[in-house]
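Let me begin by presenting the structure, written as structure tokens, before commenting on it.
Quick note on labels: first sequence line is chain A, next is B, and so on, each numbered from 1.
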Number of protein chains: 4
Amino acid sequence: MTTTPSASIKVGIVGATGYTGVELLRLLAQHPHAEVKAVTSRQESGRCVSDMFPSLRGHLKIAFTSPDDARLDECDVVFFATPHGVAMNEARQLLDKGVKVIDLAADFRLQNLDAFRHWYKQDHACPDVLHEAVYGLVELNREQIRHARVVGNPGCYPVTVITGLLPLLEKNLIDTQHIIADCKSGVSGAGRNATQSLLFAEVSDSFKAYGVSGHRHHPEITEKLTAIAGADIGLTFVPHLVPMVRGMFSTIYARIRPEAMDQDFQAVFEERYKDEPFIDVLPAGSLPETRFVRGSNYVRLAVQRPGNGDQLIILVTQDNLVKGAAGQAVQNMNLMFGLDETAGLTQLALIP
Amino acid sequence: MTTTPSASIKVGIVGATGYTGVELLRLLAQHPHAEVKAVTSRQESGRCVSDMFPSLRGHLKIAFTSPDDARLDECDVVFFATPHGVAMNEARQLLDKGVKVIDLAADFRLQNLDAFRHWYKQDHACPDVLHEAVYGLVELNREQIRHARVVGNPGCYPVTVITGLLPLLEKNLIDTQHIIADCKSGVSGAGRNATQSLLFAEVSDSFKAYGVSGHRHHPEITEKLTAIAGADIGLTFVPHLVPMVRGMFSTIYARIRPEAMDQDFQAVFEERYKDEPFIDVLPAGSLPETRFVRGSNYVRLAVQRPGNGDQLIILVTQDNLVKGAAGQAVQNMNLMFGLDETAGLTQLALIP
Amino acid sequence: MTTTPSASIKVGIVGATGYTGVELLRLLAQHPHAEVKAVTSRQESGRCVSDMFPSLRGHLKIAFTSPDDARLDECDVVFFATPHGVAMNEARQLLDKGVKVIDLAADFRLQNLDAFRHWYKQDHACPDVLHEAVYGLVELNREQIRHARVVGNPGCYPVTVITGLLPLLEKNLIDTQHIIADCKSGVSGAGRNATQSLLFAEVSDSFKAYGVSGHRHHPEITEKLTAIAGADIGLTFVPHLVPMVRGMFSTIYARIRPEAMDQDFQAVFEERYKDEPFIDVLPAGSLPETRFVRGSNYVRLAVQRPGNGDQLIILVTQDNLVKGAAGQAVQNMNLMFGLDETAGLTQLALIP
Amino acid sequence: MTTTPSASIKVGIVGATGYTGVELLRLLAQHPHAEVKAVTSRQESGRCVSDMFPSLRGHLKIAFTSPDDARLDECDVVFFATPHGVAMNEARQLLDKGVKVIDLAADFRLQNLDAFRHWYKQDHACPDVLHEAVYGLVELNREQIRHARVVGNPGCYPVTVITGLLPLLEKNLIDTQHIIADCKSGVSGAGRNATQSLLFAEVSDSFKAYGVSGHRHHPEITEKLTAIAGADIGLTFVPHLVPMVRGMFSTIYARIRPEAMDQDFQAVFEERYKDEPFIDVLPAGSLPETRFVRGSNYVRLAVQRPGNGDQLIILVTQDNLVKGAAGQAVQNMNLMFGLDETAGLTQLALIP
């Protein structure tokens with residue numbers, strides 16, 4: 001533990017002009033034990049952050065700094081809210097100065113170097129750092145995260161699919177060969193770059209699937225599920241785009257193993273997550289809605305077994321920008337610095 | 001054939017104050033060979049239809065009539081855009097007067113009387129009429145529809161699931177025991193009654209599943225698929241609500257039978273639907289979006305087989321109010337009166 | 001001051017099943033010095049509040065109580081998030097027990113009894129209580145609110161129009177006879193009752209005006225502006241409905257008086273609001289957007305004077321459920337109990 | 001008249017990859033007397049148009065052509081759905097070949113060359129062609145359009161503001177110095193270019209004004225109103241962005257002249273527009289909604305006079321892509337070629 005709660009953690013953010021970045025700023029500006037010391041952007045250098053995001057006016061008096069001028073090495077922790085491939089080129093240097101690193105992109109998610117190369121079209125720049133990096137899904141790796149210097153924050157889809165299957169795989173209750181994850185994401189998950197297919201007039205009042213033939217989160221999910229199950233995983237993963245800003249909904253279909261037909265699956269989930277502050281297993285028969293996690297760090301999920309048959313349906317909701325990105329990253333930071341895990345993450349969902 | 005194309009078909013509509021009703025009015029007001037003669041509503045009796053729906057101003061000069069006063073027996077065909085249970089109480093009388101009946105509710109969809117009673121909470125009022133009724137999915141029953149006096153227009157979900165599986169089941173290419181249909185519907189599918197859960201502020205910017213433990217379209221789909229396959233069907237069906245007005249997207253997961261692994265599934269679909277005017281099999285690799293059918297009578301679908309494995313994914317889109325309701329009903333009418341099947345149904349989708 | 005910050009204020013809420021109610025619950029559940037002791041609802045009596053609003057799960061362990069059983073007289077303050085006409089029938093009894101009252105409906109907004117009768121179709125039940133009641137727009141009546149026993153929380157539109165005109169009227173800078181307020185509100189402002197015209201499929205992807213011939217907030221705005229200006233007010237007020245959940249945008253057109261043509265209007269607004277914690281005068285040339293106040297208690301506004309002419313345009317944004325309702329109510333409570341005015345109200349807007 | 005209705009008009013479209021372009025394609029693909037012969041796009045050359053817009057599949061079998069290869073001179077008419085400044089560089093050459101030109105951009109809207117230079121940042125390339133060009137607002141210039149070789153299709157905002165004021169200005173009923181047009185547009189009006197501020201996650205669930213200090217449609221509106229009124233026009237024009245795809249709503253505030261206080265304004269509008277096929281004056285007391293014109297070529301408007309005072313409010317709705325762009329262009333084409341003015345424009349609005 002490098003910092004006591006009474007002192008503020010000095011935070012740097014690389015690349016805070018996108019949605020995960022501004023969400024980090026929202027959470028950290030209200031965090032009781034953190035202080036944003038540097039926010040870098042080459043393009044916006046010198047511009048007041050709250051000029052770009054007026055929602056921060058009065059709460060964050062800091063300007064964007066050029067990466068060359070930012071004293072990131074004076075921070076306690078640096079978050080990378082950048083495109084894939086940035087963090088891995090800067091992590092080594094920060095670690096050497098004693099600065100911890102949390103990457104919200106994919107550089108430290110996949111341990112399989114071939115898979116990384118295949119899906120991200122580049123060689124990994126620092127396999128040794130990757131080797132020590134911890135996959136930052138708190139419910140999976142809490143203890144390792146406490147001692148980690150580098151954390152790879154999970155992708156948004158993986159958070160929902162892994163938390164939705166974890167209790168079942170740990171207890172070997174389902175057929176691991178025929179899992180289907182039909183996932184739906186709000187548009188903010190696709191980022192803030194100007195892209196024709198993400199224009200309001202393209203997305204609104206429509207629904208589509210994408211990445212059916214292959215999506216980068218597929219190998220990430222599979223790698224983690226395989227480790228949990230200790231067995232090969234056969235996963236069909238279809239992401240869809242929902243005309244909403246925030247929110248992710250994963251409908252997971254798992255076949256119950258013959259030996260497990262007598263299980264009380266509601267109890268399995270409740271037992272597994274009973275001490276988790278941010279996993280909310282809804283009462284039996286519930287149907288979650290993404291609005292009930294909007295702006296909060298919760299995963300709220302429900303288990304359904306229609307007709308008491310062999311098909312289990314797990315319905316998982318989260319805010320893709322909070323538990324699916326910035327909130328999880330702050331939760332990781334809290335653990336890495338010995339803080340209360342929930343510090344700065346107690347906002348309630350905004351409904352309606 | 002009771003009417004030649006040169007004369008207009010005289011149409012009556014019972015219950016045109018909801019979304020399928022006004023969609024029928026939109027299509028029929030522009031139909032080259034139909035004329036709306038009566039629109040009934042007890043509550044709105046005497047009110048000009050275009051006063052409730054100003055979109056019809058200048059195109060439909062007719063007032064709502066009380067059901068008691070409407071001369072429906074002078075019509076050639078009567079559409080029921082009413083709650084379940086209305087049409088079956090009025091069909092016999094109309095048929096006796098030589099008037100054909102197209103029901104957009106569920107009264108003439110299920111041949112299984114027990115299933116009807118179970119799901120619609122009432123005994124069927126006219127099993128004999130039901131017996132002669134034809135299920136109005138044109139792609140399934142075109143010839144019978146031509147000669148039908150009573151047509152049960154299919155539910156919106158069934159249209160997508162059945163058209164998405166028809167080519168596969170007819171050729172016995174998939175495991176019929178483990179089919180999953182993950183379906184997503186726009187909000188107009190839930191009707192126009194004042195309902196808290198359908199308020200804009202409840203639905204907007206959110207996503208949810210519903211009816212997971214049981215939905216009325218499940219037995220309808222199963223009954224029809226069973227007849228097609230000539231085998232028992234094991235179907236998991238999960239409907240979801242999308243924050244959009246119109247549109248339906250069904251993601252169907254089917255396991256390829258070992259004997260069928262060498263099939264060219266794209267060709268199977270193209271061949272089956274090559275003469276269908278309203279089923280559009282998109283080119284291999286396509287990803288449909290609901291906006292490309294908005295306001296049109298098309299089903300546009302695509303077949304995907306990730307990694308050339310044993311899991312087939314069929315992506316089906318339609319406008320739930322057109323091909324999923326009023327458009328299909330007009331297509332049925334066209335067939336029943338010997339008209340060109342596409343008459344009045346050639347509007348292009350409205351994008352953006 | 002009846003309560004010191006170290007002890008929690010005991011809060012009762014009458015009618016928390018609507019949008020202002022659940023927003024009050026969100027704010028109070030996170031408030032450092034308040035505790036919700038009773039939430040009444042006749043219909044939902046016995047049901048856990050977080051069962052209706054799962055967003056509150058884990059943060060509010062209380063059930064709805066029947067109004068007859070709730071011990072509201074043991075609270076320090078009672079909020080009424082009820083339809084118009086409820087609070088005025090219960091206020092006297094609570095006051096007699098030493099309980100303060102904050103009404104989020106209209107019972108204590110208008111001092112003119114005739115106007116109240118005309119617009120709310122009922123006689124006022126307690127003119128004497130009304131007489132002592134303070135209009136709870138903090139920026140107008142901060143000192144009176146500190147000492148008030150009864151506060152009439154302002155309507156959502158009035159907050160924007162009054163804060164947008166206050167600096168101008170106080171200094172007599174505009175023509176008071178020809179003010180135009182073209183206001184736009186998100187749909188949550190219309191409440192949570194099941195209403196056909198508020199269904200998603202009616203509201204989405206459309207825009208309309210309403211209440212053009214007369215709206216209840218018109219007399220409220222006029223009464224307050226008249227008092228501020230010390231002169232008759234001629235106001236044209238047109239509310240519109242925007243297909244969004246939260247947010248209010250008022251575009252106010254005021255004619256500059258000939259004597260005031262040399263004024264620096266930006267400076268006038270900045271000076272007037274420089275000590276206001278929740279009024280944010282944006283830099284000259286800014287264009288506010290409602291999303292930058294979503295979920296926060298801010299009014300953010302800008303002043304524009306195209307071509308340096310005689311027409312001033314004031315653009316005012318707020319979240320109609322926060323500063324326009326529940327947030328303002330909590331701000332009033334803070335003042336009434338000697339707390340820091342911003343306690344429990346420091347959440348940042350949720351963007352995107 | 002160069003073409004008889006029996007033969008099809010040969011149409012070319014320059015720049016059909018945007019929203020006005022695809023809307024033109026939708027309308028022309030269904031037009032009884034027009035045939036799209038060439039659609040140009042340098043970037044998309046060779047690609048099937050219906051590959052970009054699957055809504056056109058089965059109805060438009062044509063590929064994009066490079067502008068260099070397109071035989072536009074073999075067309076009867078060429079539409080420019082291009083950025084400002086393209087049409088004026090190509091019009092002369094087409095006219096010389098006997099091809100008529102309809103520009104949906106601004107090249108032929110403003111007769112004032114200085115205003116054009118000021119607002120569009122370029123000198124006009126062909127003032128002589130501009131001189132003969134007719135401003136294509138049918139309700140204003142029907143007879144000139146019949147004989148025009150070049151038509152400048154009006155901007156979307158001008159259509160609503162001019163049709164909303166035309167009857168009043170022609171009869172000299174309002175104060176021309178203090179007109180306010182508070183206008184609201186759906187997002188499709190901003191075009192299809194990849195732009196961050198138009199992303200779904202930026203626009204959805206928010207509302208803003210823009211262009212307050214100056215907008216290109218301001219001089220266009222003023223030039224036309226001045227000509228109509230024969231007097232200087234003082235217009236305050238504030239455009240806003242609504243989170244909806246299609247639709248425009250203009251709230252126009254006009255002061256009634258003292259001499260005109262006894263006018264029946266409802267009758268003034270009804271009389272002026274009684275023979276207009278696409279201007280629908282709603283009954284007294286009506287409140288238009290944009291959804292009732294969605295996808296149709298109508299302007300639907302209402303006149304309100306609250307409290308019978310001196311302030312008139314005109315509420316004008318249109319679909320910005322139809323009557324505000326492509327529909328108006330087709331209406332112009334119909335006139336220029338002696339067709340029924342409504343040919344191909346009779347689609348009803350799509351509701352819900």
- Given a strict heavy-atom distance threshold of 4.5 Å, which part of D:Glu202 is in contact with chain C: side chain, backbone, both, or neither? both
- Task: Look at C:Arg246 together with D:Asp205 and state whether they make a salt bridge at an N to O cut-off of under 4.0 Å.
- Result: no
- Query: With a 4.5 angstrom heavy-atom cut-off, which part of D:Ser213 approaches chain C: side chain, backbone, both or neither?
  - Reply: both
- Among D:His240, D:Gln304, D:Met248, residue most engaged with chain C (heavy-atom pairs, under 4.5 Å): D:His240
- Would C:Leu287 and D:Lys208 count as a side chain to side chain contact (heavy atoms under 4.5 Å, CB included) if you check the C-alpha gap in whole Å, the side-chain angles of each, and the deciding distance to 0.1 Å? CA-CA 7 Å; C:Leu287 291 169; D:Lys208 67 173 178 181; over 6 Å; no
- D:Tyr253 vs C:Tyr253 aromatic rings, parallel, tilted or perpendicular, using cut-offs 30° and 60°? tilted
- Relative to chain D, which segment of C:Arg305 carries a heavy atom at a distance below 4.5 Å: side chain, backbone, both, or neither? neither
- Message: Could you check whether any side-chain heavy atom of C:Val203 comes within less than 4.5 Å of a side-chain heavy atom of D:Met244, counting everything from C-beta outward?
- Response: no
- Item | Non-hydrogen side-chain atoms of C:Ile180 and D:His178 separated by less than 4.5 Å | no
- Message: Which atoms of D:Ser204 are under 4.5 Å from chain C, going by heavy atoms: the side chain, the backbone, both sets, or neither?
- Response: backbone
- Could you check which of C:Val242, C:Thr317, C:Asp310, C:Leu199 has the highest count of heavy-atom pairs closer than 4.5 Å to chain D? C:Val242
- Message: Is any side-chain heavy atom of D:Asp182 closer than 4.5 Å to one of C:Lys184?
- Response: yes
- Query: Which region of D:Pro243, side chain (C-beta onward) or backbone (N, CA, C, O), has a non-hydrogen atom less than 4.5 Å from a non-hydrogen atom of chain C, or is it both or neither?
  - Reply: both
- Message: Can you tell me which of C:Leu241, C:Thr251, C:Val238, C:Thr290 forms the most heavy-atom pairs within a distance under 4.5 Å of chain D?
- Response: C:Thr290
- Residue part contacting chain C, namely of D:Val245, when any heavy atom lies under 4.5 Å: both
- Query: Which answer fits C:Val212, side chain, backbone, both or neither, if we ask what part of it has an atom under 4.5 Å from a heavy atom of chain D?
  - Reply: both
- Message: Quick check on the interface: out of C:Tyr210, C:Phe249, C:Phe292, who has the most heavy-atom pairs with chain D under 4.5 Å?
- Response: C:Phe249
- Query: Is there a donor-acceptor pair under 3.5 Å between the side chain of C:Ser206 and the backbone N or O of D:Glu289?
  - Reply: no
- Message: If we define contacts as heavy-atom pairs under 4.5 Å, which of C:Gly307, C:Ala201, C:Ala209 has the most with chain D?
- Response: C:Ala209
- For D:Arg294, is it the side chain, the backbone, both or neither that has a heavy atom under 4.5 Å from a heavy atom of chain C? side chain
